[in-house]
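Some notes on the structure that comes next.
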Protein chains: 2
Amino acid sequence: MIRLVIVDDHPIVRGGLRDTFADAEDIIVVGEAGDGAEGVERAKGLAADVVLMDLRMPGMDGVAATAALRERVPDSRVLILTTFDSENDVLPAIEAGAIGYLLKDALPDELMRAVRAAARGESVLAPSVTQHLMGHVRRPGAGTLTDREKEVLQLVANGSSNREAATALFIGEASIKTHLQHIYDKLGVRDRASAVAEGYRRRLLT
Amino acid sequence: MIRLVIVDDHPIVRGGLRDTFADAEDIIVVGEAGDGAEGVERAKGLAADVVLMDLRMPGMDGVAATAALRERVPDSRVLILTTFDSENDVLPAIEAGAIGYLLKDALPDELMRAVRAAARGESVLAPSVTQHLMGHVRRPGAGTLTDREKEVLQLVANGSSNREAATALFIGEASIKTHLQHIYDKLGVRDRASAVAEGYRRRLLT
DNA sequence: CTGTAGATCCACCGAACGGTGGAGGCGCGA
DNA sequence: TCGCGCCTCCACCGTTCGGTGGATCTACAG
């Protein structure tokens with residue numbers, strides 16, 4: 001039996017979730033909380049296996065609560081269930097130690113499978129969330145720009161167009177475009193502006 | 001005859017400058033001051049043509065004094081004479097309205113030529129100061145992004161297209177383009193990629 | 001010696017961007 | 001009250017960029 005705690009500041013949402021899991025024979029909702037701090041207490045006191053956590057809440061938010069839980073109740077798994085899938089929400093949550101990240105448009109069936117997966121220690125991510133992670137998970141071999149690619153990126157950061165970068169490096173414009181495509185792939189971005197941003201974040205640029 | 005006022009908190013320096021200009025037949029030191037506020041008063045009361053201004057002073061510093069002078073005595077020219085040539089000193093002084101910027105290692109002869117040039121309304125800059133200005137040709141008011149502009153730049157750094165940034169901020173795409181044009185102007189760049197680079201260099205972005 | 005990684009180059013296309021020159025509204029301080 | 005800074009929006013246009021799917025060459029390691 002999976003012991004589940006629901007943390008969400010909306011009573012309506014909590015109600016809906018409780019109903020959803022009422023049908024499941026292997027899942028029991030042992031407690032609820034309306035904010036992060038309360039959620040941590042409940043999860044600890046009730047020995048939760050899985051905590052279903054909203055992100056945006058008054059007081060202690062979901063990320064902080066997740067981090068606190070990971071520290072104080074390491075055996076419980078935190079499954080994020082929220083409306084937002086922007087990078088700014090996803091990444092901190094994962095970093096804080098959430099094992100899964102679902103969106104609130106998930107079907108009840110998906111939700112239950114996700115809770116069971118989380119209880120087994122498996123990771124479940126909503127498809128759109130996976131996208132965000134792709135670019136930030138450093139695949140082996142990826143995330144490392146070649147010297148040439150770094151040169152190109154630096155030139156772009158300094159305001160060079162493809163043509164100008166080509167002239168500066170004594171190569172053709174086509175090669176600059178190819179290098180840039182490789183850079184985009186490796187950094188998980190789609191355009192030169194965010195490539196430059198990633199370059200600074202990863203300290204590849206000065 | 002050029003009426004000169006010396007503003008410096010060190011009596012020794014003031015003495016040295018007075019001596020220097022004692023030889024000049026077309027320059028007369030009509031007054032001295034030990035801090036910015038006093039300097040503004042003297043320059044105004046004595047109808048100074050040129051004010052030789054130190055930057056680091058107790059009380060009102062050279063930048064503030066320069067700004068005050070430009071406003072209250074528009075006819076007088078402020079010539080900065082200081083030991084420091086870092087960007088953080090140079091740029092604010094120029095923006096405040098100084099017509100020239102010399103370092104204290106200048107020879108007496110250079111100094112006098114500079115005062116005469118300033119009196120004629122010409123700009124005189126120490127060579128190392130010129131360097132700093134090259135990359136930062138900033139008109140007054142430039143160099144500071146508004147909150148909105150910072151938001152836009154951050155979104156662009158995170159990979160947003162103009163359209164996506166517009167959606168995120170609940171405004172039209174045209175407004176994003178306008179904001180970006182202003183950002184380019186202020187940062188002295190021509191495209192989003194180098195704007196992002198400048199944003200990181202100036203610690204406007206995370 | 002053969003696979004792999006890196007660097008170079010090509011063509012085509014639609015979409016996005018940058019440049020220019022506006023315009024109106026709002027709030028704040030001189 | 002007037003001006004200024006800021007934010008918002010518009011149209012037009014040429015240029016650049018990004019995406020795709022190739023290709024050749026070199027150097028190096030297995």
Side-chain angles (χ1 to χ4, degrees), chain A residues 131 134-135 138-199 204, chain B residues 67-74 95-97 138-199 204:
Chain A
Q131 296 288 345
M134 296 298 275
R138 325 232 153 134
R139 299 176 286 293
T144 318
L145 300 187
T146 66
D147 289 346
R148 201 55 161 172
E149 286 161 355
K150 279 185 233 173
E151 283 186 292
V152 171
L153 186 55
Q154 183 71 60
L155 284 167
V156 166
N158 290 342
S160 294
S161 66
N162 291 345
R163 188 185 308 271
E164 289 164 345
T167 303
L169 297 179
F170 305 106
I171 60 179
E173 197 179 339
S175 302
I176 297 294
K177 294 186 73 172
T178 304
H179 285 310
L180 279 174
Q181 289 299 332
H182 294 162
I183 291 169
Y184 299 159
D185 288 345
K186 289 183 179 178
L187 298 184
V189 300
R190 264 168 240 78
D191 60 68
R192 51 182 52 217
S194 42
V196 168
E198 267 306 302
L204 301 170
Chain B
L69 258 176
R70 293 307 304 152
E71 189 170 328
R72 299 179 51 192
V73 196
E95 282 172 15
R138 292 180 200 174
R139 299 167 291 293
T144 317
L145 299 188
T146 67
D147 289 346
R148 200 54 160 172
E149 286 161 355
K150 278 186 231 171
E151 284 186 290
V152 170
L153 186 55
Q154 184 72 60
L155 284 166
V156 166
N158 289 343
S160 294
S161 66
N162 291 344
R163 188 184 307 272
E164 288 165 345
T167 304
L169 296 180
F170 305 106
I171 62 178
E173 198 180 337
S175 302
I176 297 294
K177 295 185 74 173
T178 304
H179 284 310
L180 279 174
Q181 289 299 332
H182 294 162
I183 290 169
Y184 299 158
D185 288 345
K186 289 183 179 179
L187 298 184
V189 300
R190 260 169 246 80
D191 61 69
R192 52 183 51 219
S194 42
V196 167
E198 267 306 303
L204 301 170

Using every non-hydrogen atom in the two residues, find where [X] and [Y] come nearest and quote the distance to one decimal.
{"X": "A:Gly199", "Y": "A:Leu187", "value": "N-CD1, 4.5 Å"}
{"X": "B:Ala165", "Y": "B:Ser160", "value": "N-CB, 3.9 Å"}
{"X": "A:Ala157", "Y": "B:Ala197", "value": "O-CB, 3.2 Å"}
{"X": "B:Lys186", "Y": "B:Thr144", "value": "NZ-O, 3.1 Å"}

Does the side-chain contact (heavy atoms from CB on, under 4.5 Å) test come out yes or no for A:Asn162 and A:Arg192, once each step is laid out?
-> CA-CA 10 Å; A:Asn162 291 345; A:Arg192 51 182 52 217; 2.2 Å; yes
Would you list the atom pairs, donor with acceptor, under 3.5 Å between side chains in residues 168-183 of chain A and any protein atom, with sequence neighbours excluded?
{"unit_1": "A:Thr178", "atom_1": "OG1", "unit_2": "A:Ala174", "atom_2": "O", "d": "3.0"}

Mind calculating the distance between CD (A:Glu164) and P (D:dT15) to the nearest angstrom?
->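 A:Glu164 atom CD is separated from D:dT15 atom P by 15 Å.
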Between B:Asp147 and B:Lys150, is any pair of side-chain heavy atoms under 4.5 Å apart?
->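 The answer is yes, as the side chains (C-beta and beyond) meet within the 4.5 Å cut-off.
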For each nucleotide in nucleotides 25-30 of chain C, reading 5' to 3', give B when a protein heavy atom comes within less than 4.0 Å of its base, S when such contact involves only the sugar-phosphate, and - otherwise.
-> ------
Summarise protein proximity over nucleotides 4-23 of chain C in one line of letters, 5' to 3': B for base, S for sugar-phosphate only, - for none, counting protein heavy atoms closer than 4.0 Å.
-> --SSBBB-B---SSBBB---
Using the test side chain to side chain donor-acceptor pair (under 3.5 Å), find all partners of B:Arg190 that sit at least two apart in sequence or belong to another chain.
->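 B:Arg190: no side chain to side chain donor-acceptor pair (under 3.5 Å) contacts found.
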Any residue meeting side chain to side chain contact (heavy atoms under 4.5 Å, CB included) with B:Thr167, in chain and number order, not counting sequence neighbours =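 Here no residue qualifies.
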Can you check whether A:Ser161's main-chain N or O pairs, donor with acceptor, with A:Glu164's side chain at less than 3.5 Å?
->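 Between the backbone of A:Ser161 and the side chain of A:Glu164 there is a qualifying donor-acceptor contact (under 3.5 Å).
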Inter-axis angle, terminal five-pair segments of the helix from C:dC1-D:dG30 to C:dA30-D:dT1 [nearest 10°] |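 The value is 50°.
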